[in-house]
Amino acid sequence: MIELVVVIVILGVLAITALPRFFDRQMFEARGFHDGTLGLLRYAQKAAIAQRRTVCVSFGASSASLGIASAAGSATCDLNLAGPDGTAPYSLHAPGGIAYSSTPSDFSFDSWGRASSGQTIQVHGVNEPIVVEAATGLVHR
């Protein structure tokens, strides 16, 4: 009987602390947008290296999209970069109510995968920033 009471108390405590997190959809959507941004940036760097062209990343308050230079050696991104599923331009749009904490600056990856400027990108509601290293182009949390 004592074990049953202890189990019920533990389940009650878990229900009070954990269940509200499961029903907070905005937290999950913010995390999904954060991970989507991380994937988009990693894809941009890999595409720049694979195609030996400049890939530009453009940001809005709650979106990001990719462009690519039409010629090797050009720093101007005049074409849309297709995503892994073939959709061009490869872009990411946040669900309603989700946005970057502050709109990130546009930047580019060169044909070596290096970023034109270092970035720290923060999605509102997610405590982990996305960091883009300028010298190497490394995209990490």
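Every value quoted in this text rests on a predicted model; they were computed, and no experiment measured them. Position 1 is the first residue of the sequence, and the numbers go up from there.
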Using a 3.5 Å cut-off and no angle test, enumerate the donor-acceptor pairs between side-chain atoms of residues 132-141 and protein atoms at least two apart in sequence or in another chain.
unit_1: E133; atom_1: OE2; unit_2: H140; atom_2: NE2; d: 2.8
unit_1: T136; atom_1: OG1; unit_2: L138; atom_2: N; d: 3.2

Query raised in the report: What is the minimum heavy-atom distance between G86 and A82, and which atoms define it?
Result: O-CB, 4.0 Å
According to disulfide (SG to SG under 2.5 Å), does anything in [range] pair up with another residue at least two apart or in another chain? List the pairs.
| range | answer |
| --- | --- |
| residues 100-141 | none |
| residues 103-141 | none |
| residues 96-132 | none |
| residues 85-139 | none |

Report summary line: Applied to residues 116-136, the ring-ring contact (aromatic ring centres under 6.0 Å, His included) test, sequence neighbours excluded, yields none
Hydrophobic cluster membership, with links at side-chain heavy-atom distances under 4.5 Å among I/L/V/M/F/W/Y: are [X] and [Y] in one?
| X | Y | value |
| --- | --- | --- |
| F107 | Y43 | yes |
| V55 | I49 | no |
| I10 | I2 | yes |
| I8 | I16 | no |

Quick one: [atom1] on [X] to [atom2] on [Y], what's the gap to the nearest 0.5 Å?
| X | Y | atom1 | atom2 | result |
| --- | --- | --- | --- | --- |
| Q122 | N127 | CD | CG | 7.0 Å |
| L81 | Q51 | CG | CD | 6.0 Å |
| Q26 | F33 | CD | CZ | 12.5 Å |

Query raised in the report: Can you name the side-chain hydrogen bond (donor to acceptor under 3.5 Å, both in side chains) partners of Q119, sequence neighbours left out?
Result: S117
Report task. Go through the structure and list residues passing side-chain hydrogen bond (donor to acceptor under 3.5 Å, both in side chains) with D85, not counting sequence neighbours. Result -> T87
**Report entry** Contacts of type salt bridge (Lys or Arg N to Asp or Glu O under 4.0 Å), residue R31, not counting sequence neighbours
**Finding:** D35, E128
Query raised in the report: Given side chains that start at C-beta, do those of I130 and H34 come closer than 4.5 Å, heavy atoms only?
Result: yes
Query raised in the report: Are I121 and L38 side-chain neighbours, meaning at least one heavy-atom pair lies under 4.5 Å?
Result: no
Report task. Scan for side chain to side chain donor-acceptor pair (under 3.5 Å) pairs involving residues 105-116, sequence neighbours excluded, and state none if there are none. Result -> D110-R114
Under 3.5 Å donor-acceptor pairs involving side-chain atoms of residues 88-102, not counting sequence neighbours:
unit_1: Y100; atom_1: OH; unit_2: T37; atom_2: OG1; d: 3.1

Please report, to 0.1 Å, the donor-acceptor pairs under 3.5 Å made by any side chain of residues 63-80, with sequence neighbours excluded.
unit_1: S70; atom_1: OG; unit_2: D78; atom_2: OD1; d: 3.2
unit_1: S70; atom_1: OG; unit_2: D78; atom_2: OD2; d: 2.9
unit_1: S74; atom_1: OG; unit_2: T76; atom_2: N; d: 3.2
unit_1: D78; atom_1: OD1; unit_2: S70; atom_2: N; d: 2.9

